[in-house]
Structures are given as C-alpha cells and as structure tokens.
There are 2 protein chains.
Amino acid sequence: MTMSNTGGRRKPPTIHDVAREAGVSRGTVSRVLNGGHYVSPAAADAVNAAIRKTGYVVNRHARSLITGRSDSVGFLLTEPQERFFEDPNFNVLLRGCTQALAAHDVPLLLMLAGTDDERRRITRYITAGHVDGVLLVSSHSGDPVAEELRAAGVPLVACGKPIGLGSKVSYVAADDRDGARDMVRHLLALGRRRIGVVTGPLDTPGGVERLAGYREVLAEAGVEADERLVVSGDYSRASGEAGAERLLARAPDVDAVFVASDLMAQGVLAALHRAGRRVPQDVAVGGFDDSPAAVATSPELTTIRQPWDRISAEMVRVLLAQIGGEDPAAVILPTELVKRDST
Amino acid sequence: MTMSNTGGRRKPPTIHDVAREAGVSRGTVSRVLNGGHYVSPAAADAVNAAIRKTGYVVNRHARSLITGRSDSVGFLLTEPQERFFEDPNFNVLLRGCTQALAAHDVPLLLMLAGTDDERRRITRYITAGHVDGVLLVSSHSGDPVAEELRAAGVPLVACGKPIGLGSKVSYVAADDRDGARDMVRHLLALGRRRIGVVTGPLDTPGGVERLAGYREVLAEAGVEADERLVVSGDYSRASGEAGAERLLARAPDVDAVFVASDLMAQGVLAALHRAGRRVPQDVAVGGFDDSPAAVATSPELTTIRQPWDRISAEMVRVLLAQIGGEDPAAVILPTELVKRDST
DNA sequence: TTCTCTACTGTGAACGCTCACAGAAGCAGC
DNA sequence: GCTGCTTCTGTGAGCGTTCACAGTAGAGAA
C-alpha cells in the first residue's frame, strides 16, 4: 500500500484532508504550519507525514484573506525604461532580492513604472494592500510614487538614500563618499594630479556624495581644485561619453578621470579612445559600482565595488522587519576598491 | 456634504460597503465588477458611483479563493545568472511583458532559477497553483523545470521554440531563419564573399535556424561554403570575442561576419579592433536581435531586429488565451534588417 | 385574466484558512 | 479531594468574494 490515495481527484488537498490523514484537527495542522508552537512532537510528526503523503501545499489566498497580509512584496522601479535596458546593476539587484526573498518564501512582484499611467496603476495596486511592502529603486528626487506610498504608510525600503521623503523611510546604500575617496586616493597614488570627474546626477544623494568625496580628497592632498575638471552626467553611457568630450575640450591636460558609474565609464573609455588617448598610460579611468559592465570593457575597469549581494540582502531584511512592525532603518554598507587594467 | 464618509476607519471598504452605499446587493456589485452583464444601467451607475466614493478596490485574495484562479502569472528565467546580468534582451522582454500584462490587470511574479534549489522551489510554487500560467525564457534544451510544468498541465508560453517539449507547449519566436537570410543577403549585396558566421548555441532551435539561413543564402548565391568560416558561440559577449579570434586565425581573409547575437557581435567588434581590422571597411559585421547593446558599440551595429514589443505582447496574449482554455499555439513573427554603421 | 419569457436582483453557501476561545490532560501543592 | 498552572487540542466563526439558484417585475401572447 505504498501508493498515494489521491485516486482520480482533481482538486488539491486542503488542510482538512491533512488533518484527517494525520488524525488531528485543522487547528493543529495550522499550528504546525505556522511555527509549530504548542504542538506535541507526536502530533507534529503525524502532521508532517500527512503533508508529505498528501502533497499538501498551503493555499496562500485563503491564508491572506484572513491574515490580511499578502506575503508578497513589490519591486518598484521608477526609472525611465532606457535606464532599465542599459544598466545591468538593476539586474544584479533584482537577482539579489529575489534570492533573499526566496529564503522567506516571499514572491516578488515586478513593477516597472515607465509612464504616468503605469505610475498611477501601480500606486493604486500597492496602496490597495496587494503587497505587504515595496523595494524601491528610484534615484531621482521628487518621485511622486514614493511620496504617495510613504504617505499611505506602506512599508518601503529604498536602494540608495531617497531625497525629499523625510527620515521616515528606510534605505540601504553603499558609502558613496568613502568609495569616491578611495578611488581618488588611488588615482593620486598613481601620481596623477589633473584628475577630472564625471559626476552622477546632482539631484541625487549618491551623485552629490561621490562628488564630495572627490573634492575632499583633492583638498586634503593640496591639489588645486579646477572646476574645468568637473563635468556632470546622469549615470548613462551616453552622458559619460559626452562628459569625457567636454572634459578633454576644457582641460586637455587631464591625466585621470573618476567616473561616478561604470556605465558612464564605458562612454568615457570610448571617447578617450576616439581622441587617441591611451588608457591607462595617458589617462587613468576609475569607475563606480563594479557592475557587470566593468569587465565588458577593454581595458577592464578599475572601480569601486558596491556590495550588491549585501545591499539586496539588507533591503529584504529591513523590509521584512518593517512589515513585522519594526521602525524604519538606514543601512550604510562599505565599498571596496577593485583594481583592474584601466588605472 | 462632499466629504467621504470613511471617518476614522482603518479597514478598506468591502463589496458589502459598496452595495449598501449604492442601495443594491453584493451580487449586483459583483456583476458590475465582472463585466456588467445582466445589470441595469441605473444599477451600474449607482455601483460605479459608490465605488468611486468609497475608494473600493477588490480583494484579490477573496476572489482567488473562490474562483481558484490567482489572476497572476510567473515570468520564469532558467538561464544562468551571468546571462541575465549581461544580456539586455531579458530586460526588454521583461518590460514588454509587464506592460502587456498591466493592460489586463495581471501582476507578474519574477522567478529567477539560477540554482537547483531555486528550480525545485519554483517548480513547487508554480505547480501548487500560485500562478495561473508561466512566461518561460529558457533557451537550452532539456530544461527539467519546463518539462515538469508541462507535465503538470500548467499553461506555458515559451520565448523562442522550446526543444524537447513536444508540440503541446506554446511559443512565440521571431523568424530566425528568415532574419539570418536577410542579413547574409545584405552582406553579399555589399560585395562580401568571405562571410564568416559566429553561431548561437547549436542545442537551441534559434541557433540552428540562424546558421541554416546563412548556409542557404550562400548556397543560393553560389558562394563556396567553407567550414573554416563557421565558428560557434553561446550568445555571450565573451564567446563572440573568442569566436572572432578563431575565425581570424582560421580564415584571415574573412571580409564579413554574421554574428547570431548583438552581444556576441560586441565581442567580435572588440576582437577585430584588437587585430587591427577596421569595421566596416575591412570586415563588415552584422548582428542579430537589435538589443540595446547594438547601439552601445562603435560603430553602431547593423542587425536583425527581433520585434520585442510584439513578441512580449503575443506571449501574453497566447498565455492568457491558454489560461482561458484555448489550445496551445505557435506564433512566428517577422524580423527586419536594421542598417547602421558596422556594414 | 393567466401564462411564458426575458431582464434583472437578492440571498445563502461555499472557497480554505487562521484566530480566539473553550476544554482536556497532566502534574504539583494544599 | 479541589485548585491552579502549563501544555496541548478541537471547534465555531469569519475573512471578502463569487456562484448557483430562487425570486420579482414587466412585456407580450394566448
């Protein structure tokens, strides 16, 4: 009699079937399912055996209906779709988050807010309680979706310090300023003195902090600050390329560039190459992120590693804690200089 | 009296509240919510007004509990994570699918199966009925997850023709052979006769078809087939780079290369550049996909456009149809030659 | 008038689960 | 014996929706 007793049944087994099979009540099965407290070892064993035998899987809808939780979270990206297509950092983050969530059996709903229409639909979906919380990726300030979610009291964890959301919203970020300092110190140590910078968008804390780190280290080293060496970008490859061109035009004697993202650094490399500058001999180039893009260039990029694994793991941890009732938290993680061939 | 009557309530309004507000029964509200058949115009208006006034949003869990549907679908990627990090085609597809699904108010659950452990968890999740259907991206043959899902009768639509799943599984694909033919004809029209090819993985229909198209056109044109001109890759950038090196070593007189993916073409471009060959003067390079990667190269890639918008829209359409009870279907979409600077 | 048909509406039951509560069993202390 | 405490177990109620069914009203036909 080793065969399963399901016979020709179509419908999946319920908690009731498990209870009958194990010779206990629904309540006991439910207790085993939810942590196993106040259950005798004998009963727990019988229930687990019955679950295996029947192939029971909990019906999440029935559970959610009564608990009021959905046991799922949203991953919300409010960047323009070009950025999503271009920047592999999002993929790394997405992968990290799904992985961390899987350990808690929490599915991830992907929400890409490209248009205003999508923004509205997604906001409605989230505030209706269809997800318990949101992992937010939105670098720019004044994001109306984020503000609405915060106002609605939806548990929220941002990747990178969010702007204009007050201190009530959690975030996880790498130590941008410290990373920038490491890179510029590295360039100084190579003997470079005309160090340019292509910044990130200056309406984001990340962009501001990386620039601040650059300025600090130059000042500490007594290197003359030259505003012609500072050009701004928006993290995109194209803006890196344009930035490098401006830099070469304004300060032809530049001998190193700190670029605030690897993607922009790709563009910088292309522009330098077109201008006939050798990397790293004539101009050293340092990136930021350690994204997959950093090793797709030639030469491979020296860069500042953002600990993506830890960032995504912390985002998930903080979000689940907040869903569980804890207060918002801010987590800053250390970066690391990764030396490759571009410096 | 224009204020909402919600007062200090915390709990969201239910269908019952709407019914009371509109002066009708739950059943009538439910009918309005689900298509509005057999409802008088007056009642429908009253219900819609009440919905707006109360801010009612349907509780999907309660609905799912009784209908047995989850009204959500999974997006399952069984590629190794490096591929997901490297290839922006996945992002384009993902974006297209979320967008198409949003029009039907169907959320997308992201499932990335990197490890065996994840594969098992995801299979269990899906076969438990937590999603109504699956959008599958899995180029390689013998994928055990896909086979299990098919066997379990889960509605399934693959991107690209799946291998070894019999004819019972739906798929949407671009016309690989025809696209390859267009590209090789284009290279011939440019006067090239020593046309090499870097193939995709030959355990996938896409890889096989693109190679077949190449061979066909050369044969039709009476150009001598030379197996030294054929090297194989796996769609990755690195394999394109390695492929081009092999090609140059085996057939130094190559004057054009048809590369079966844009990402590989990036690698081919890098290898040609390193070898001192000018593109397109010395060697013309044609890609495949028209992925965002195609315009991030210099020179920008001539390529075969896969109609990603239509592919994702069709995948969603076919999947929803199949969930609705229709039979599996295969959809082949036409490609288009996009001329840029690399040919 | 009465019957039938169509268009619409209301009601109870059910979906599968968790939660609160009541009760049982075992054991100690009086 | 009774009381109190702890640990465990079963039961009824209810979460918010849809579905099947019963019922009503009005129009048209006999």
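Within every chain, numbering begins at 1; the chains are lettered A, B, ... in the order of the sequence lines, protein sequences first and strands thereafter. Given the structure is predicted, the values throughout are model-derived calculations rather than measurements.
When the P atom of dG16(D) is taken as reference, atom CZ of Arg20(B) falls 12 Å away, rounded to whole Å. The interatomic distance linking Tyr38(A) (OH) with dC19(C) (P) rounds to 15 Å, in whole Å. Atom-to-atom, CG of Asp17(B) to C1' of dC15(D) comes out at 13 Å; the value is rounded to the nearest Å.
Between dG16(D) and Lys11(B), a contact under 4.0 Å exists linking OP1 or OP2 to a side-chain N or O. At dC8(C), none of the side-chain N or O atoms of Thr28(B) fall inside 4.0 Å of OP1 or OP2 (strictly under the cut-off).
Using the six-membered ring where Trp is involved, His130(B) and His61(A) have ring planes that are perpendicular, over 60° apart on the 30 and 60° scheme.
Each of His61(A) and Pro41(B) was assigned the nucleotide of DNA chain C with the nearest heavy atom; the assignment lying further toward the 5' end belongs to Pro41(B). Sequence order on DNA chain C of the closest nucleotides to Ala43(B) and Leu65(B) puts Ala43(B) first from the 5' end.
Between Ser64(B) and Arg69(B), every side-chain heavy-atom pair lies at or beyond the 4.5 Å cut-off.
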Between protein and nucleic acid, restricted to nucleotides 17-21 of chain D and to nitrogen or oxygen atoms under 3.5 Å apart, what atom pairs and distances do you find?
unit_1	atom_1	unit_2	atom_2	d
dT17(D)	OP1	Tyr56(B)	OH	2.5
dT17(D)	OP1	Asn59(B)	N	3.2
dT17(D)	OP2	Ile15(B)	N	2.3
dT18(D)	OP1	Asn34(B)	ND2	3.2
dT18(D)	OP1	Arg63(B)	NE	2.9
dT18(D)	OP1	Arg63(B)	NH2	3.1
dT18(D)	OP2	Ser30(B)	OG	2.7
dT18(D)	O4	Arg26(B)	NH2	2.8

Can I get a per-line list of side-chain donor-acceptor pairs under 3.5 Å for residues 96-104 of chain B, giving both atom names and the distance, sequence neighbours left out?
unit_1	atom_1	unit_2	atom_2	d
Thr98(B)	OG1	Leu94(B)	O	3.3
Thr98(B)	OG1	Arg95(B)	O	2.8

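Here Tyr56(A) pairs with nothing under the ring-ring contact (aromatic ring centres under 6.0 Å, His included) rule; sequence neighbours left out.
Judged by distance alone, the side chains of Glu79(A) and Ser138(A) never bring a donor and an acceptor atom under 3.5 Å apart.
Judged purely by atom type and a 3.5 angstrom limit, Asp132(A) has no side-chain atom pairing as donor or acceptor with the backbone of Val73(A).
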